[in-house]
K.L.:
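Below: one structure in structure tokens.
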4 protein chains.
Amino acid sequence: MKRAIKRVLTIETRRNDLILGTLRSIEKYGYQNSTVQTICEESGVSRGLIGHYFESKDDLLMAAFQHLNAELDKEARLAVRAAGPDPFRRLIAAGLITFAQERRYSQVTLHFWSTALSNPKLLEHHRNLWARFRASTERLMTRAAAERNMEIDIRHSALMFTQLIDGLWLGWTLEKSYDLETCRMLVRDWICKLFNEDPANYPTTMPVREEGSPHVQG
Amino acid sequence: MKRAIKRVLTIETRRNDLILGTLRSIEKYGYQNSTVQTICEESGVSRGLIGHYFESKDDLLMAAFQHLNAELDKEARLAVRAAGPDPFRRLIAAGLITFAQERRYSQVTLHFWSTALSNPKLLEHHRNLWARFRASTERLMTRAAAERNMEIDIRHSALMFTQLIDGLWLGWTLEKSYDLETCRMLVRDWICKLFNEDPANYPTTMPVREEGSPHVQG
Amino acid sequence: MKRAIKRVLTIETRRNDLILGTLRSIEKYGYQNSTVQTICEESGVSRGLIGHYFESKDDLLMAAFQHLNAELDKEARLAVRAAGPDPFRRLIAAGLITFAQERRYSQVTLHFWSTALSNPKLLEHHRNLWARFRASTERLMTRAAAERNMEIDIRHSALMFTQLIDGLWLGWTLEKSYDLETCRMLVRDWICKLFNEDPANYPTTMPVREEGSPHVQG
Amino acid sequence: MKRAIKRVLTIETRRNDLILGTLRSIEKYGYQNSTVQTICEESGVSRGLIGHYFESKDDLLMAAFQHLNAELDKEARLAVRAAGPDPFRRLIAAGLITFAQERRYSQVTLHFWSTALSNPKLLEHHRNLWARFRASTERLMTRAAAERNMEIDIRHSALMFTQLIDGLWLGWTLEKSYDLETCRMLVRDWICKLFNEDPANYPTTMPVREEGSPHVQG
DNA sequence: TATGAATGAGCATTCATTCAT
DNA sequence: GATGAATGAATGCTCATTCAT
């Protein structure tokens, strides 16, 4: 293998190691207690290495957040695609994927959101992501309504949908007083009711991910 | 007034000054950028004073979080009581109060939640509070359903209710892409639909708080 | 004493402690080996104190350099004034003061000069100082020449004067292969020759500084 | 060519590359900002190579200083030799060569001097060099005086000569407030006056160096 | 009681050096 | 011989906490 290619591979590997170590560290010790020390320990590298692959600790944190979001986004896209062409089924898939399983790094997102409040760059990133998800939801709802000749307040319905998901996810992350199956059921029932569909026809179990299509690894 | 009582009053005053200064500092500079320095500046006291009234900065932060929650809780109770004896109206009031106005310290809560993830004491506190709110919601729903001879899945409905509120609040805090009136409307409409009531009969405007019953001051 | 005044005194005292500690550290360990650690040790304070009185280590170094220059400048002014009104005697005094005695912090200046090469602010400071000294020399030479009805190339003579002094000082600092008396003699003889004066009439010994008019202390 | 000889050549080439890169780096970035990184970049080699040819960064810096001095020394010798057999002309040549042209690495010398203050080996090296130059000056002055039947204070005159040169060089390096032609003129005039010679007979222009005898290359 | 000067542990970052390839 | 990835000691800086006044 050519040296240049090999180097690029090493760089990507190391960057990934550090990103995953960062996520592990935040999950394990919390955002505020995650130091270069803990991150490098979790990454299995020495303290000085961060400087080789990231401009600063902040840069690494940002990269970790983007990585996490990208993985979750990719996973969501896959789930939606796997649901087939029907916009209603796609909506349900989009609603359930967040609660598909005990997710790694679930707490990390909350830490990042808190940080985003005083970090314009992070906030911008988050807002773009959520705006996209809401827009995608609106498109699916529009099509599902059209197929049923229904008139639906798309904007408000999409808002309900996304914020119900976020609210359920938030409560589950903080409280663990209800389980993921309940979340899935509530989301499915709400969306079914919106479109006058029978929930019984739409299972809350997610299609099992086949081996080799991981989401966030590490 | 006896000296002992006077001292207790001073102590309470000082603690309150510091707590409000803490909330102001977090709102102004963010959680991570709030130092003993910024907190004491906002409180109008000298840096060394924290040690007299709190065990540590963490202790003060904890107290500030509890204070904030207590105020919000009190405010909610007042709003519910002001709604009169009808359980359904009380439910609506409970649902709308969170979005009553541009709330001070709205970001602080998110910061504290993030912190709670790695602070068992804080987390416990939060869980108790939310459990109580959900229990209260369940009681109101039970009564409202009984009055209407309706059968409702109380537990799941209460969960929907609380998490919809949290989700709307979370999105509003992070994104500001929709306004509080929208939040109030969505919550009212959902609860009205649950009990087959006409939203038109239940305005989303909150009763004006009379002078002298402020919530979080400072 | 009023508290405010007291505080200002403390601040000045501490700043001075740190400045003198800095000079001592540089003299003792060299510029490159002077760390916050060594400076604070020499100053007799803890490592964190620098942050209270100076913006950064660089800021302290700058202040130390300015302090040193100010002291040397003050000392030179006093020596010149003590020489009386005769411009020629004032010239000689200005020429000899640099070599008046084994000066503390003699090496520090060289360190700072080296640093100035890549520090525009420091360089600017140095250039202003030297320009002023050269201008003052030119004025004295102009008057001394006028009194003697002599025509002298003032600009070049002033340049010779200042650079001869610098050259002798530099060699003495680096080599110690000749003594200060030799420096004084060479400078005096050169200036006497320039104005056709008999060196024998102008001793190279400096008037003894009376107690209480120290230069760089510490 | 035998392999051993070839290797020695490679070693010398590499060492020279690194030495010149060091000088370039110091000139470009300053002494304090010259890291192994910048030096190797300037040298066109990889970071790890220093370890193969020098014991340490300090060792390389030392070698660079010695190299620079050796080049300057060689250049001075050539200039003196080119001035012919007349000791007076040789003196003038020795005095002018320092200001012959905008010299590369002019700032480097000052950096090294500052370093020498806390580096005995460097200091020793410098002292030997300067002692030799002073001794050579004394020999030339002795011969020039003898030819003219003059009595001159050789030691002090040589001291004036060397330190005047150093002082002019120092001021020029730090201030750039006068030019090299002025330096040459002042040195020439001083030495002419010492020996009662007419400066008009001794141009300050240096004989042009023929191609192929550069001094510090790189 | 209240102050703010002082402390020093903890932090991110830099960088000369090492060493597997 | 040459590379550059990896190391970790050292540095400047921040800041919660202490304590003399």
Side-chain angles (χ1 to χ4, degrees), chain A residues 3-4 6-7 10-11 13-14 17 32-40 43-61, chain B residues 6-7 10-11 13-14 32-40 44-61, chain C residues 3-4 6-7 10-11 13-14 17 32-40 43-61, chain D residues 6-7 10-11 13-14 32-40 44-61:
Chain A
R3 174 169 298 181
K6 200 170 178 183
R7 201 177 71 196
T10 305
I11 288 178
T13 305
R14 277 284 180 251
D17 287 349
Q32 324 231 33
N33 303 320
S34 282
T35 66
V36 166
Q37 170 88 304
T38 65
I39 289 171
C40 289
S43 307
V45 301
S46 70
R47 285 218 305 278
L49 206 72
I50 281 186
H52 290 299
Y53 297 101
F54 294 92
E55 297 230 339
S56 63
K57 188 196 175 192
D58 262 14
D59 187 34
L60 170 55
L61 287 168
Chain B
K6 204 168 177 181
R7 201 176 66 201
T10 305
I11 289 178
T13 307
R14 279 280 186 246
Q32 324 227 32
N33 302 321
S34 282
T35 66
V36 167
Q37 167 90 305
T38 65
I39 288 171
C40 289
V45 301
S46 71
R47 282 230 294 276
L49 208 71
I50 282 187
H52 289 293
Y53 297 101
F54 294 93
E55 296 221 345
S56 65
K57 188 195 176 191
D58 265 9
D59 186 33
L60 169 56
L61 286 168
Chain C
R3 176 170 295 181
K6 200 168 175 184
R7 199 175 73 196
T10 304
I11 289 178
T13 305
R14 275 284 180 254
D17 287 351
Q32 325 231 31
N33 303 321
S34 283
T35 66
V36 166
Q37 169 90 306
T38 65
I39 288 172
C40 288
S43 307
V45 300
S46 70
R47 283 217 306 276
L49 206 71
I50 282 185
H52 290 299
Y53 297 101
F54 294 92
E55 298 231 336
S56 63
K57 188 196 174 192
D58 261 13
D59 186 34
L60 170 55
L61 287 169
Chain D
K6 203 168 180 182
R7 201 177 67 200
T10 306
I11 289 179
T13 306
R14 279 281 188 242
Q32 324 226 33
N33 302 320
S34 282
T35 66
V36 166
Q37 167 92 303
T38 66
I39 289 171
C40 289
V45 301
S46 69
R47 282 231 294 280
L49 208 69
I50 281 186
H52 288 295
Y53 296 101
F54 296 93
E55 296 221 343
S56 65
K57 188 196 178 192
D58 265 10
D59 186 34
L60 170 54
L61 286 168

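None of these values were measured; they are calculated from a predicted model. In what follows, chains carry the letters A, B, and so on, assigned in the order in which the sequence lines appear, proteins first and then strands, with residues in each chain numbered from 1.
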K.L.:
Just to be sure I understand: a Watson-Crick pair is purine N1 to pyrimidine N3 plus N6-O4 or O6-N4, both under 3.5 Å. Using that and G-U wobbles, which stems of three or more pairs involve DNA chain E?
P.N.:
E:2-21 with F:2-21
K.L.:
How far does OH of Tyr53(C) sit from OG1 of Thr10(C), to the nearest 0.5 angstrom?
P.N.:
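OG1 of Thr10(C) is found 6.5 Å from OH of Tyr53(C).
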K.L.:
Which heavy atom of Ser46(D) sits nearest a heavy atom of Cys40(D), and at what distance?
P.N.:
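Nearest pair, atom of Ser46(D) first, then Cys40(D): O-SG, 3.5 Å.
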K.L.:
Could you state the CG-P distance from Asp59(B) to dT18(F), rounded to the nearest angstrom?
P.N.:
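That distance rounds to 13 Å.
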K.L.:
Without decimals, in angstroms, what is the distance between Tyr53(D) OH and dT17(E) C1'?
P.N.:
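One finds 17 Å between C1' of dT17(E) and OH of Tyr53(D), rounded.
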K.L.:
Excluding sequence neighbours, so at least two apart, what forms salt bridge (Lys or Arg N to Asp or Glu O under 4.0 Å) with Arg14(C)?
P.N.:
Asp17(C)
K.L.:
With rounding to the nearest 0.5 Å, note down the distance linking CZ in Arg47(B) to OG1 in Thr35(B).
P.N.:
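Answer for the CZ-OG1 pair, Arg47(B) versus Thr35(B), is 8.0 Å.
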K.L.:
Judged by each residue's nearest nucleotide on DNA chain F, which is more toward the 5′ side, Gly44(A) or Val45(D)?
P.N.:
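So the residue in question is Val45(D).
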K.L.:
With sequence neighbours left out, write down each residue that passes side chain to side chain contact (heavy atoms under 4.5 Å, CB included) with His52(B), or none if nothing qualifies.
P.N.:
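His52(B) satisfies side chain to side chain contact (heavy atoms under 4.5 Å, CB included) with Leu49(B) once adjacent residues are dropped.
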K.L.:
Would you tabulate the side-chain donor-acceptor contacts of residues 54-61 of chain C under 3.5 Å, counting partners in other chains and residues two or more places apart, or write 'none'?
P.N.:
{"from": "Ser56(C)", "atom 1": "OG", "to": "Asp58(C)", "atom 2": "N", "distance (Å)": "3.4"}
{"from": "Ser56(C)", "atom 1": "OG", "to": "Asp59(C)", "atom 2": "N", "distance (Å)": "3.2"}
{"from": "Lys57(C)", "atom 1": "NZ", "to": "Ser34(C)", "atom 2": "O", "distance (Å)": "2.8"}
{"from": "Asp59(C)", "atom 1": "OD2", "to": "Glu55(C)", "atom 2": "N", "distance (Å)": "3.0"}

K.L.:
For Phe54(A), answer base if it contacts any base atom (sugar-phosphate contacts may also be present), sugar-phosphate if it contacts only those atoms, and nothing otherwise; contact means non-hydrogen atoms under 4.0 Å.
P.N.:
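Nothing: the residue Phe54(A), judged by heavy atoms under 4.0 Å, touches no strand.
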K.L.:
How would you summarise protein contacts on nucleotides 8-15 of chain F per nucleotide, using B for base, S for sugar-phosphate only and - for none, with heavy-atom distances below 4.0 Å?
P.N.:
B-BSSSBB
K.L.:
Thr38(D): which residues meet the side-chain hydrogen bond (donor to acceptor under 3.5 Å, both in side chains) condition with it, sequence neighbours left out?
P.N.:
Ser25(D)
